[in-house]
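Quick note: numbers below take in every heavy atom, side chains included, and nothing from hydrogens, waters or symmetry partners. Quick note on labels: first sequence line is chain A, next is B, and so on, each numbered from 1.
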Amino acid sequence: MPELPEVETVRRGLVPAFEGALIEKVTLFRPDLRFPFPNEFPARLEGQRVDRLARRGKYIIADLTGGEHLIMHLGMSGRFTVLGQGTPGHYAHQVAGDQHVHAHFQTHTADGGRADVHYADPRRFGFMDLVPQGALETCRHFAGMGPEPLSDDFHPEGLAEALRGKRSPIKSALLDQKVVAGLGNIYVCEALFRARISPRRLAANVGLKRCRTLVPIIKAVLMEAVVAGGSSLRDYAAADGSMGMFQHHFDVYGREGEPCMACGGPVSRLVQSGRSTFFCGHCQR
DNA sequence: AGCCTGCCCTGCGAGC
DNA sequence: TGCTCGCAGGGCAGGC
């Protein structure tokens with residue numbers, strides 16, 4: 001899954017089941033996702049309470065009372081589903097019928113309710129990890145990660161500085177989580193279109209002036225997408241199973257050959273860093 | 001040092 | 001209908 005808006009939508013969907021909840025039981029249906037689960041993973045979670053469910057870039061972070069942080073990344077196809085106590089039959093059916101259930105959390109929520117949360121990831125690009133208290137910023141997942149795009153830490157001056165001298169195309173630079181956290185292929189394409197900046201433009205040639213345009217646009221695109229519940233293409237759904245809606249608002253993503261919303265010319269596609277870029281060659285310079 | 005390519009893995013739709 | 005191919009929202013190791 002995906003980019004910041006989708007991860008944020010999933011985080012919000014998990015809050016009722018996780019935040020303030022006691023993790024009673026953890027079951028692993030296989031020993032690994034992309035990487036092996038941490039040693040003694042279920043035992044280190046069971047009996048822990050989740051103080052807070054946060055997000056950093058495309059990661060969801062559960063702060064555990066015992067001190068460790070549970071890091072969750074959904075990769076490309078990871079999906080959390082929250083099932084209430086009232087649907088045990090439904091849950092059993094899903095577990096029996098779904099070959100891709102890789103982890104299952106049973107929680108006792110703060111208001112006395114119970115929830116079953118399961119994580120399934122067909123493509124297994126996702127992973128979970130445990131990080132010691134106080135080591136979040138220095139752990140391998142977050143060391144060097146760029147600012148949160150929706151925070152005040154992300155501003156035109158900072159972006160211009162991060163891009164200075166960079167020889168890669170702006171498209172690739174914005175996908176780099178060290179430049180800014182949480183952006184992925186969809187929202188970079190959309191933001192560059194709105195900013196009328198060519199994805200091929202060298203990052204070094206996106207100076208402060210263009211950053212003053214680009215930064216507010218990145219924030220706007222992400223905020224709109226969060227409000228819409230993210231974008232559902234193939235794998236993504238929120239933790240309650242609902243679909244995001246922002247895919248209906250794409251200007252360029254996935255629209256190769258279709259008319260540009262601004263000039264009516266055809267939307268183009270090219271491959272950069274092995275990924276599809278969608279853009280309007282007429283509007284974006 | 002920093003950039004790019006290839007790879008991890010499975011599923012799905014398009015095209016034959 | 002059934003096969004193969006290309007492609008998919010991410011991140012990392014390795015090579016240059």
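Among residues two or more places apart in sequence or in another chain, the side chain to side chain contact (heavy atoms under 4.5 Å, CB included) test is passed with A:Arg269 by A:Glu256, A:Val271, A:Ser276, A:Phe278. Scored by the salt bridge (Lys or Arg N to Asp or Glu O under 4.0 Å) test, A:Glu19 finds no partners at all (sequence neighbours excluded). A:His108 meets the ring-ring contact (aromatic ring centres under 6.0 Å, His included) test with no other residue; sequence neighbours excluded. Listed by chain and number, the residues in a side chain to side chain contact (heavy atoms under 4.5 Å, CB included) with A:Ala173 are A:Leu163, A:Lys166, A:Ser168, A:Ala203 (sequence neighbours excluded).
Contacts between residues 162-178 of chain A and DNA chain B, counted as heavy-atom distances below 4.0 Å, involve A:Lys166, A:Arg167, A:Ser168, A:Pro169. In the region residues 252-262 of chain A, proximity to DNA chain C at under 4.0 angstrom, judged on heavy atoms, holds for A:Tyr253.
For the pair A:His102 NE2 and B:dC8 P, the computed distance is 17 Å after rounding to whole Å. C:dG11 atom P lies 18 Å from atom CZ of A:Arg124, rounded to whole Å. If you measure from atom CZ of A:Arg79 to atom P of B:dT10, you get 18 Å, rounded to the nearest angstrom. Remark: P of C:dC12 and CG of A:Leu33 are 15 Å apart, rounded to the nearest angstrom. In this structure, the CG atom of A:Asp235 is 14 Å from the P atom of B:dT10, given to the nearest Å. Rounded to an integer number of Å, the gap from CZ of A:Phe127 to P of C:dA13 is 11 Å. Separating the CZ atom of A:Phe250 from the P atom of C:dA8 is a distance of 13 Å, rounded to the nearest angstrom. Distance CG (A:Leu183) to C1' (C:dG9): 12 Å, rounded to an integer number of Å.
On the P atoms, C:dG14 is 15 Å away from B:dC9, given to the nearest whole Å. Here the separation of C:dC5 from B:dC7, taken at their P atoms, is 16 Å to the nearest Å. Of the C1' atoms belonging to C:dG9 and B:dC3, the separation is 22 Å, rounded to the nearest Å.
A:Gly274 comes within contact range of no nucleotide atom at all, as no heavy-atom separation falls under 4.0 Å. Looking at heavy-atom distances under 4.0 Å, A:Ser231 makes contact with a base. A:Ile186 comes within 4.0 angstrom of sugar-phosphate atoms only, judged by non-hydrogen atoms across all strands, and of no base.
Counting heavy atoms of neighbouring residues, nucleotides and ligands inside a 6.0 Å radius, atom CZ of A:Arg167 does not exceed 12 of them.
Distance from the side chain of A:Arg269 is smallest for C:dA8 among the nucleotides B:dT5, C:dA8, C:dG9. The side chain of A:Arg34 lies closest to C:dG11 when the candidates are B:dT5, C:dA8, C:dG11.
Between A:Ser276 and C:dA8 there is a side-chain polar atom (N or O) within less than 4.0 angstrom of OP1 or OP2. In terms of phosphate contacts, A:Lys58 brings a side-chain nitrogen or oxygen within less than 4.0 Å of OP1 or OP2 of C:dG11.
Residue-to-nucleotide contacts include a donor-acceptor pair under 3.5 Å from the side chain of A:Arg123 to the base of B:dC9.
Under the 30°/60° scheme for interplanar angles, the aromatic rings of A:Phe250 and A:Tyr253 are found to stand perpendicular.
A salt bridge (Lys or Arg N to Asp or Glu O under 4.0 Å) with A:Glu8 holds for exactly one of A:Arg56, A:Arg55, A:Lys58; it is A:Arg55.
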Query raised in the report: What dot-bracket string describes DNA chain B from 5' to 3', counting Watson-Crick and G-U wobble pairs whose defining distances are under 3.5 Å, with [ ] for crossing pairs and | for pairs to another strand?
Result: .|||||||.|||||||
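For residues 199-217 of chain A, the pairs satisfying salt bridge (Lys or Arg N to Asp or Glu O under 4.0 Å) are A:Glu157-A:Arg212, with sequence neighbours left out. Residue pairs meeting the salt bridge (Lys or Arg N to Asp or Glu O under 4.0 Å) criterion with at least one member in residues 213-224 of chain A, sequence neighbours excluded, are A:Arg194-A:Glu224.
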Query raised in the report: How far apart are the C-alpha atoms of A:Asp153 and A:Glu148, what are their side-chain angles, what is the distance that settles it, and do they pass the side chain to side chain contact (heavy atoms under 4.5 Å, CB included) test?
Result: CA-CA 7 Å; A:Asp153 295 337; A:Glu148 278 297 312; 6.0 Å; no
Considering only nitrogen or oxygen atoms on both sides, find all protein atoms under 3.5 Å from nucleotides 12-14 of chain B and state each distance.
none

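Applying the 4.5 Å side-chain rule to ILVMFWY residues, one finds A:Phe35, A:Tyr59, A:Ile61, A:Ile71, A:Phe127, A:Val131, A:Leu136, A:Met145 in the same cluster as A:Phe142. In the hydrophobic clustering (ILVMFWY side chains linked at under 4.5 Å, chained through shared members), A:Phe279 is joined by A:Leu270.
Minimum interatomic distance between A:Phe154 and A:Pro149 (heavy atoms only, all atoms of both residues): CD2-O, 3.4 Å. Shown here for A:Val180 and A:Pro147, the closest heavy-atom pair between the two residues is CG2-O, 3.6 Å.
Side-chain atoms of A:Tyr187 and A:Ser231 form a donor-acceptor pair, as typed in the model, at a separation below 3.5 Å.
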